[in-house]
2 protein chains.
Amino acid sequence: MTSQRPLRVDAQRNRSALLNAGAQLVAIYGAELPFEEVARAAGVGKGTLYRHFATRDHLIAAVLRERFDGLAAEANELLDSGNAHAVETWLRSFDRVPTPFRGLGAMLSAALVDDASAVSAACIPMKVAFSRLLGRAQRDGTVRTNLHPVELLSVVAALPESVRNDDGSSRYLDVLLRGLRP
Amino acid sequence: MTSQRPLRVDAQRNRSALLNAGAQLVAIYGAELPFEEVARAAGVGKGTLYRHFATRDHLIAAVLRERFDGLAAEANELLDSGNAHAVETWLRSFDRVPTPFRGLGAMLSAALVDDASAVSAACIPMKVAFSRLLGRAQRDGTVRTNLHPVELLSVVAALPESVRNDDGSSRYLDVLLRGLRP
DNA sequence: ACCTGAACACCGTTCAAGT
DNA sequence: ACCTGAACACCGTTCAAGT
């Protein structure tokens, strides 16, 4: 656990600027964003960028964190609601996470199953929440039992960008969901 | 159509050396192989590399060409044989194409649906052969009709490397195949 | 016709100096 | 404690000179 001492005011401001610039550049370039450019766009020196985000992946993790937390919350709500199609419903939301970002699906797919990745830590609450959701569906007999929750997320995240509808949903998620039944 | 004038003997030899070095480096680094290194490993100048292969993708296309042609042949045999599980059988073979190469699945997945990519041209015979195979299965009613053959290949190629068995087959291909039924 | 390698450009990363 | 930007390293790409 890092001790989370409050940042100095200027450091705080720089961090926000970097995150803003990062979000914009990730939206344009995806996982391969030109890192140096983030510092330029934020109007700070390169050293400052590296001080706040050790690697590209750390920046991407910070950019995506909100979405992941939102999805974790959604999974927990679905768990409480007892919705019979909770897994399907949630995977349709999850499927759209990487869509505003080029090439992010592949990156997320790999990060999900790699505990050493910087993005990995940001995914933990989401993984835990979805695991519960899937576990319940498996016990209820509506989903195959030989599926690992995190691996399944990795597969969904890898669905190619090329086969997506205008709203960002994959045209092949239905095929996959159909295949989840026992 | 390029006129295919035979290469000079030294050019021929260099091309082979580059292809060999390329295959080895692709096996190690996948789609992101250090391009310059190919020239070094082949013992030729950088200029020679660029003369033979305009881009990384052109080199990868040449490396993969044999496999694609082999898969096209297999699809044609399956078509002739009238095998009832031809689509499944063939997709299991296709699924393993990118497995010796790190990160190649994502690259292939994108190339399949991008006619401008260098790899695309090398895939044409395979695409044509699989389209026939899928078309027959769809007419026979064993596979959903709302699937486009090339998109389906793009989805299979994108199945993540992390969820593969030791023999290179995806643990989630079964889920997908199950979902193909009408 | 083809090959070579110097030269250029671009980008990522580090770190000494500064506030 | 944090910031800056010069300096270094690495790699991709081009092209003038050579066979």
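Residue numbers begin at 1 in each chain, while the letters A, B, ... track the order of the sequences. Fair warning: this is a prediction, and the values are worked out from it, not measured in the lab.
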Can you tell me which residue pairs pass the side chain to side chain donor-acceptor pair (under 3.5 Å) test with a partner in residues 25-47 of chain A, sequence neighbours excluded?
A:Glu36-A:Lys46, A:Glu37-A:Arg40

Show me, pair by pair, the donor-acceptor contacts under 3.5 angstrom made by side chains of residues 103-114 of chain B, not counting sequence neighbours?
residue, atom, partner, partner atom, Å
B:Ser109, OG, B:Ser154, O, 2.8
B:Ser109, OG, B:Ser154, OG, 3.0
B:Asp114, OD1, B:Ala116, N, 3.0

Take the protein atom CG of A:Asn14 and the nucleotide atom C1' of D:dC3, then report the distance between them rounded to whole Å.
8 Å

Under 4.0 Å between a Lys/Arg side-chain N and an Asp/Glu carboxylate O for A:Glu161 and A:Arg102?
no

Other ILVMFWY residues reachable from B:Val128 by side-chain steps of under 4.5 Å
B:Ile124

Expected output check: what is the dot-bracket annotation of DNA chain D, where ( ) and [ ] are pairs inside the strand (brackets for crossing ones), | is paired with another strand, and pairs are Watson-Crick or G-U under 3.5 Å?
||.|||||...|||||.||

Closest approach of B:Leu59 to B:Gly22 (non-hydrogen atoms, all atoms of both residues):
CD2-CA, 4.0 Å

Summary of protein contacts for nucleotides 12-19 of chain C, nucleotide by nucleotide, where a base hit scores B, a sugar-phosphate-only hit scores S (4.0 Å, heavy atoms)
BBBB----

Do other residues, nucleotides or ligands put more than 12 heavy atoms under 6.0 Å from A:Arg56 CZ?
yes

Between atom CD in A:Gln12 and atom C1' in D:dC2, what is the gap in whole Å?
13 Å

Using atom types as modelled and distance alone, determine if a side-chain donor or acceptor of B:Asn83 lies under 3.5 Å from a backbone N or O of B:His85.
yes

Quick check: closest heavy atoms across B:Arg92 and B:Asp174, and the distance to 0.1 Å?
NH2-OD1, 2.9 Å

Quick one, A:Leu147 and B:Tyr172 - any side-chain contact, counting heavy atoms below 4.5 Å?
yes

Between B:Trp90 and B:Phe130, how do the two ring planes meet: parallel, tilted or perpendicular, split at 30° and 60°?
parallel

Please list, by residue number, the residues of residues 38-45 of chain B whose heavy atoms come closer than 4.0 Å to an atom of DNA chain C; answer none if no residue qualifies.
B:Val44, B:Gly45

Rounded off to whole Å, could you give me the CZ-to-C1' distance for the B:Arg15 and C:dA1 pair?
16 Å

A:His52 NE2 to D:dT4 P, straight-line distance once rounded to whole Å
9 Å

